[in-house]
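Treat the numbers as computed from the prediction; the structure is a model and nothing was measured.
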Protein chains: 2
Amino acid sequence: MPSSNRHVEPRRKPRQVRAELTRDRILTAAAHVFSEHGYAAGTTNRIAEQARVSIGSLYQYFPNKDAILAELLVRHVDRGRWDQGDRLDLSPGTLEQVVRALVRDAVDNHRDDPQLLRIMVEEGQFSDELRETITRHGAQRVAQVRELLARHPDVHVRDLDTAADLIVFTVELNTHRLAASPQTGSIETFENELVDMVTRYLRG
Amino acid sequence: MPSSNRHVEPRRKPRQVRAELTRDRILTAAAHVFSEHGYAAGTTNRIAEQARVSIGSLYQYFPNKDAILAELLVRHVDRGRWDQGDRLDLSPGTLEQVVRALVRDAVDNHRDDPQLLRIMVEEGQFSDELRETITRHGAQRVAQVRELLARHPDVHVRDLDTAADLIVFTVELNTHRLAASPQTGSIETFENELVDMVTRYLRG
DNA sequence: GCAAAACCTGAGCAAAAGCTCATAATAGTG
DNA sequence: CACTATTATGAGCTTTTGCTCAGGTTTTGC
């Protein structure tokens, strides 16, 4: 392929509704194709085909393939920010209730397309700026959970930082897996056990 | 690229030592290149270059790119099988000791090249047969852990199957992460917390 | 209704990557 | 040493794929 990343800025800015629609069709198709075939095998032609749009149209709205993935990631992060603090901030109740809220939050955040998220995080070649955003986003969440734990009287662990890190990651990954693979056991059972594990850990 | 997977059988069978050596050089180089650049960007030419071997030689021992990854995976699985039961079978001691052994085992199993393992599992396009092998291998391990838990008097969980599944996966994934990313905190601290989490969970 | 702007199309170009094959070099054998 | 089997080489063929551009269609503004 020709050297990627030649253009960096977006192309045309949609001015008509149908253009906005086309853009959305492309993004939806891209999400579908990427999560189905992976980033490398998700060709731009395949995306255009899936979107029922000509390849030319695709390149009117996105300077290159990377930009499409980047846009998908930005959208995901934005949506995450939207309902971020809601459930967690000042969430009261027993430790178990807090943990359960945490798990539910993670599940909700991955409901749309877990495969895609995985690909975005693991296969995408992003700019340093975007990578920075991702990292900061993760760190922010860990910090948020840390504060939550610090405030709860029932939490007894040696090191709050490590604990927050550990449980955020554990919940995240198990959620990934739960959503991604056709699970053998029931979802509720798994959620209960996960909540139990984290809760008992935090209780000391 | 030309349609992959045209040949399925291996090519030449090495009859001289130097051939065996070349084959090994290729595999070693492939492991290096794949874990460095990912599967898609790990080109066969790059592998050959890294192995200081001509591209022609590479294709004398491997029918196509996929076969190289497949061979790497087979080798990994075989090596895993080798020291599988050793530490775990009939491992005595407190629950915490058992769990710690479990964690150490996972760490050891990923020590060689965690990046590569990730790529093999997540980016590789394997035959159904090979996928079957991977799945069976995982299920076997879960079953093994399940038995271990069943035997220990201090284990109190609602559902042994789910518990075994949960902790195998959790330990696995956290190990992945620990090994793959330049960790912020110390390794020991993280291991201790992970062990604590699992132990407290199992204790009920 | 009409011109301009916005939008869409898809054949095809150029680079990249998988892979082949004719030929050369090396190792084994008597 | 001579002869054969095995192994190694790398220029280059072929396919794939990211992406362009010349030209057509639709929408908007007047």
Write down the protein N/O and nucleotide N/O pairs, taken from nucleotides 9-12 of chain C, whose separation is under 3.5 Å; answer none if there are no such pairs.
unit_1: C/dT9; atom_1: OP2; unit_2: A/Ser54; atom_2: N; d: 3.0
unit_1: C/dT9; atom_1: OP2; unit_2: A/Ser57; atom_2: OG; d: 3.3
unit_1: C/dG10; atom_1: N7; unit_2: A/Gly56; atom_2: N; d: 3.4
unit_1: C/dG10; atom_1: O6; unit_2: A/Gly56; atom_2: N; d: 3.4

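- With hydrogens and angles ignored, the 3.5 Å screen pairs a side-chain donor or acceptor of A/Gln97 with a backbone N or O of A/Thr94.
- Residues B/Tyr39 and B/Arg18 both approach DNA chain C. Their nearest nucleotides, taken by heavy-atom distance, put B/Tyr39 toward the 5′ side.
- As rounded to whole Å, 15 Å separates atom C1' of C/dA6 from atom CG of A/Leu21.
- Taking 4.0 angstrom as the limit, A/Thr44 places none of its side-chain polar atoms (N or O) nearer than this to OP1 or OP2 of D/dC19.
- Phosphate contact (OP1/OP2 of D/dC19, side-chain N/O of A/Tyr59, threshold under 4.0 Å): present.
- Remark: the backbone N or O of B/Ala41 is paired with a side-chain donor or acceptor of B/Arg46 at under 3.5 angstrom.
- Between the side chain of A/Ser57 and the backbone N or O of A/Val53, no donor-acceptor pair lies under 3.5 Å.
- Residue B/Arg23 contributes atom CZ, which lies 12 Å from atom P of D/dA8 at whole-angstrom precision.
- Listed here is the closest heavy atom pair of B/Ala29 and B/Ile47: CB-O, 3.6 Å.
- The environment of CD in A/Glu49 is sparse: at most 12 heavy-atom neighbours from other residues, nucleotides or ligands sit within 6.0 Å.
- Atom pair B/Ile47:CD1 and D/dG10:P shows a separation of 17 Å (rounding to whole Å applied).
- Using modelled atom types, one side-chain atom of B/Arg25 and one backbone atom of B/Arg52 make a donor-acceptor pair closer than 3.5 Å.
- With rounding to whole Å, A/Lys65 atom NZ is found 19 Å from C/dA15 atom P.
- In this structure, B/Tyr61 atom OH and D/dT9 atom C1' are separated by 12 Å, rounded to whole Å.
- Summarising the geometry, the separation between CD1 on B/Ile68 and C1' on C/dG18 is reported as 10 Å, rounded to the nearest angstrom.
- A/His37 places its NE2 atom 15 Å from the C1' atom of D/dT17, with the value rounded to the nearest Å.
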Trace of the side-chain contact (heavy atoms from CB on, under 4.5 Å) decision for B/Arg100 with B/Asn192: CA-CA 8 Å; B/Arg100 178 154 263 130; B/Asn192 286 335; 2.2 Å; yes
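- Counting to the nearest Å, the P atom of D/dC19 and the CZ atom of A/Arg46 are 16 Å from each other.
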